[in-house]
Q: 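Sending over a structure as structure tokens; questions will come in a sec.
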2 protein chains.
Amino acid sequence: MKVDGKEMRPIWFDLKSQTVKVIDQRLLPHQLIVAELKTVDSVIEAIKKMFVRGAPLIGATGAFGVYNAIAYPNYANCGGYEYSDSDSDTKKISDKYLKDECKRIKDARPTAVNLAWGVDRVLNAALKYEKYEDRLKIALQEACAIVEEEADNCRLIGEYGYQLIKAINQNKELKLVEGKNRRINILTHCNAGWLATIEYGTATAPIYTAFDRGIDIHVWVDETRPLNQGSRLTAWELGKHGIPHTVITDNAGGHLMQHGMVDIVIVGTDRTTRTGDVANKIGTYLKALAAYDNGVPFYVALPSSTFDWSLTDGVKQIPIEERDPDEIRYVQGLDKKGNLISVLVPPEDSNAANHAFDVTPARLITGFITERGVCNAYEESILSLFPEYANI
Amino acid sequence: MKVDGKEMRPIWFDLKSQTVKVIDQRLLPHQLIVAELKTVDSVIEAIKKMFVRGAPLIGATGAFGVYNAIAYPNYANCGGYEYSDSDSDTKKISDKYLKDECKRIKDARPTAVNLAWGVDRVLNAALKYEKYEDRLKIALQEACAIVEEEADNCRLIGEYGYQLIKAINQNKELKLVEGKNRRINILTHCNAGWLATIEYGTATAPIYTAFDRGIDIHVWVDETRPLNQGSRLTAWELGKHGIPHTVITDNAGGHLMQHGMVDIVIVGTDRTTRTGDVANKIGTYLKALAAYDNGVPFYVALPSSTFDWSLTDGVKQIPIEERDPDEIRYVQGLDKKGNLISVLVPPEDSNAANHAFDVTPARLITGFITERGVCNAYEESILSLFPEYANI
């Protein structure tokens, strides 16, 4: 997507240096820093320390980690295995080394389903070949394919979601306020934008598409405590693309919906059951309750890879990650001198609890926007788009 | 209430200096600073800049402002009126001067119902007398009476609310988790504590009373964006009293309730209709929706002065104050050197909207805890406690 007029993605393979590069998202919106990931360790660090976040991007970064394991093998980790750096013709890495390195990458964030998926896909592709050069080539190909597929899924989500926004825009009654046309107001929570998903984003894909096709829209951006992915990342993305937006507290959505100031809510998801329960950033459930209470359509945008076809009850079956309480206690921002620092908000000796996600029951969700189209939030409707999962 | 073992209130009349003193709450929890308010202007500044906040405390501060107008009259404002500073026997201030000064105080926060009420009560008491010394004396008496009445109301709210918590505590089924007794978990939003209401607080009064009487409780403290009154003030109050508590994001309450980790929600209110709709800090509505969805009792604690008997529809009739967007964009906290500073979170050029309150419809509220007892959230039940307002 566009950043100051220049096309940019959160991850790309730099042909010149033959390395993968990512935006270090921890410093956004105040600093746009690009990090080069030249080893498996640097990939693990980027995932653990959240240079990169968002399920699809974590998966893609992990995929490039497998490439790094081959292209820039760790001599120490290769110690016991066959490996020679001296002569590229005889270069060889063992299956065991490669599998061990992949396990280390997958352990960087064990709850991220896409990470294991991305790593295993590249690993399995590479293991089909024996020769070092073949493995190197196929790993790069496969990682790049994952990136392009994710981008394409999001483009399709944008297409289908655009139809929903267009329909609201064409509903003259909804659009009229005191006889005058008004903007379509879209509310989103967290960052399910291109920073999390290569291109377009999931929740933001319909927004970008609608804006680019000339619909007059405005986005309410939940700041999304504790890590403020909304006010830091979504606001930055939308601003760089020129889309009118307003940052609000996570507390404000209900009030806005009560007063007719939200036409549609679109959020992303980290994991979705086959019955339509949605795990997403903490607070999504509260916004869904408010949307339901006020008759505001509540949509979840997702590539189908986010469905966990083995689950039928989100609240009972999806484990919720508890993260470091200091993410709540300290807030990062720019001081007056322009330095990025963290400040302590509550009393030094007060504890905090940091449940990172919650589950929104399917009954509160109007529908899903997927790369295959829009469906309702119950099993039969979901399976009508994904019939191949009916008997799993 | 206790602060490091010493009894403290957020406002008091200092006999030695004959001035009103307040805690400058903007600096809590990191600095406990006391401000002396020796003029009408200093009272207005303390209200406008939120040295003091919370409906009862704002009312009490305004009440002392009337005393200040008499005790420390502004020579400039008295210019056109009868006033002599030279000889205390002939000291006199005109009704017009006093009324004008009261209007200035009331304009400091026009939406605060208690402010106008407190100021007018002292003004009307003073106007009954002619002599300067009488006016001075009665103004001080009336302001102090307001303070003691507020404290007494909160003590009674604590008594009635305690009965609710005691009942939960005695319900063995609720208290058992895997065969073991567990703490009673109470969730609160914002700061409806003694810092806002002289003593005990409103929402916190049942908490202090239950804790002091030996019930094993734990409080989930919503941080309460944008101004973080929960993580800054409620956490500080509870900590200073030794009550176990955990700060959570405003997004977390729904998840906790889904998983049985909240036994009762108690919040305060800034304005309540005779039909039971509750205006309170933004985000209260979202927590009420979650409590309703999960069968968690949701109580609002209030002195009856907070009822606005003229209103019947909260969402339609209660105007919602929009405050400075910079309250969202900047977050205040301690830097590493221990300095209290503000940091900018979203992009410099992103707008923010700061709706300060929302309205929770009566249908989501289990009941009210008042100084006269507990009632349900509908007109007949409320009027059963306050029959004198039946025909207003």
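Labels below follow one simple rule: chain letters A, B, ... track the order of the sequence lines, proteins then strands, and each chain is numbered from 1.
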Q: If you measure from the Lys or Arg side-chain nitrogens to the Asp or Glu carboxylate oxygens, is any gap between A:Arg225 and B:Asp250 under 4.0 Å?
A: no

Q: Please answer whether the main-chain N or O of A:Tyr378 pairs with a side-chain N or O of A:Thr275 as donor and acceptor at a distance below 3.5 Å.
A: no

Q: Without swapping roles, check the side chain of B:Asn294 against the backbone of B:Val296 for a donor-acceptor pair under 3.5 Å.
A: no

Q: Could you list which of residues 335-348 of chain B have a heavy atom closer than 4.5 Å to any heavy atom of chain A, in residue-number order?
A: B:Asp335, B:Ile341, B:Ser342, B:Val343, B:Leu344, B:Val345, B:Pro346, B:Pro347

Q: If you count heavy-atom pairs within less than 4.5 Å of chain B, which of A:Ile282, A:Val331, A:Asp358 leads?
A: A:Ile282

Q: Would you confirm whether the ring centroid of B:His255 sits within less than 6.0 angstrom of the ring centroid of A:Tyr285?
A: no

Q: For B:His355, is it the side chain, the backbone, both or neither that has a heavy atom under 4.5 Å from a heavy atom of chain A?
A: side chain

Q: Ignoring hydrogens and geometry beyond distance, is a side-chain donor-acceptor pair present between A:Asp222 and A:His189 at under 3.5 Å?
A: yes

Q: Looking at A:Thr246, A:Leu364, A:Thr224, A:Ile248, which has the largest count of heavy-atom pairs under 4.5 Å with chain B?
A: A:Thr246

Q: Please tell me whether B:Asn280 and B:Arg271 have a donor and an acceptor in their side chains that are separated by less than 3.5 angstrom.
A: no

Q: Between the side chain of A:Arg329 and the main-chain N/O of A:Ser350, is any donor-acceptor distance below 3.5 Å?
A: yes

Q: If we ignore hydrogens and angles and just use 3.5 Å, is the side chain of A:Gln317 paired with the main-chain N or O of A:Thr312 as donor and acceptor?
A: yes

Q: May I ask you to test the A:Leu28-A:Leu195 pair for a side-chain heavy-atom distance under 4.5 Å?
A: yes

Q: Should A:Thr273 and A:Asp308 count as side-chain neighbours, where that means a heavy-atom distance under 4.5 Å?
A: no

Q: For each of B:Thr249, B:Val221, B:Ile328, tally heavy-atom pairs with chain A at distances under 4.5 Å, and name the one with the top tally.
A: B:Thr249

Q: Which of the residues A:Asp293, A:Leu238, A:Asn354 is involved in the greatest number of heavy-atom pairs with chain B at under 4.5 angstrom?
A: A:Asp293

Q: So which part of A:Phe357 gets closer than 4.5 Å to some heavy atom of chain B, the side chain, the backbone, both or neither?
A: backbone

Q: Quick test of your reading of the model: are A:Asp277 and A:Arg363 salt-bridged, counting only N-O distances below 4.0 Å?
A: no

Q: Tell me, side chain or backbone of B:Gln332 under 4.5 Å from chain A's heavy atoms, or both, or neither?
A: backbone

Q: Below 4.0 angstrom, N of the basic side chain to O of the carboxylate: do A:Arg26 and A:Asp24 qualify?
A: yes

Q: What part of B:Ile320 gets closer than 4.5 Å to chain A, counting heavy atoms only: side chain, backbone, both or neither?
A: side chain

Q: Looking at B:Thr306 and B:Thr269, would you say the former's side chain and the latter's main chain have a donor-acceptor pair under 3.5 Å?
A: no

Q: Find the one option among A:Gln258, A:Lys287, A:His259 whose heavy-atom pairs under 4.5 Å with chain B are most numerous.
A: A:Gln258

Q: Between B:Lys281, B:Lys316, B:His245, which residue shows the highest count of heavy-atom pairs closer than 4.5 Å to chain A?
A: B:His245

Q: Anything in residues 226-235 of chain A with a heavy-atom distance to chain B below 4.5 Å? Please list those residues in order.
A: A:Pro226, A:Asn228, A:Ser231, A:Arg232, A:Ala235

Q: How about A:Tyr292: does its OH atom have over 12 heavy atoms from other parts shown lying under 6.0 Å from it?
A: no

